[in-house]
S.K.: 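Dropping the structure in here first, questions after.
None of these values were measured; they are calculated from a predicted model. Atoms considered below: every heavy atom in the structure, side chains included; atoms not considered: hydrogens, waters and symmetry mates.
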Amino acid sequence: MSKNKTDQTAAQQYENYPDPDAIVHFGDVSEELVELVEETLETFEFLSTSRDDLPETTLLVEAVENE
């Protein structure tokens with residue numbers, strides 16, 4: 001599958017989700033690894049992650065203003 005086709009398929013898959021700054025899809029990994037990455041990203045003041053209504057190996061990452 002070409003890169004363009006892969007990018008288009010990935011974009012279609014996430015069309016119904018909010019508009020995050022990044023989408024992290026892990027593939028076939030343990031839930032513990034996903035949680036570790038999620039917790040690590042959340043330690044940064046300017047990042048927020050969410051997983052609502054997503055497959056368990058996908059994170060949405062958004063930049064937030066430092067208040």
S.K.: Identify, with sequence neighbours excluded, every residue that meets side chain to side chain donor-acceptor pair (under 3.5 Å) alongside E39.
M.R.: none

S.K.: State which residues pass side-chain contact (heavy atoms from CB on, under 4.5 Å) with S30; sequence neighbours excluded, sorted by chain then number.
M.R.: E32, L33

S.K.: Flag the pair V61 / P20 as yes when at least one side-chain heavy-atom distance between them is below 4.5 Å, and no otherwise.
M.R.: no

S.K.: Determine the sole option in L59, T49, T58 for which the side chain to side chain contact (heavy atoms under 4.5 Å, CB included) test with V24 is passed.
M.R.: L59

S.K.: Testing V64, D21, L41 for side chain to side chain contact (heavy atoms under 4.5 Å, CB included) with S48, which one passes?
M.R.: V64

S.K.: Working to the nearest 0.5 Å, report the span between NE2 of H25 and CG of L60.
M.R.: 12.0 Å

S.K.: Quick check: do E35 and R51 have side-chain heavy atoms less than 4.5 Å from each other?
M.R.: yes

S.K.: Tell me every residue that passes ring-ring contact (aromatic ring centres under 6.0 Å, His included) with F44, counting only those two or more places apart in sequence or in another chain.
M.R.: F46

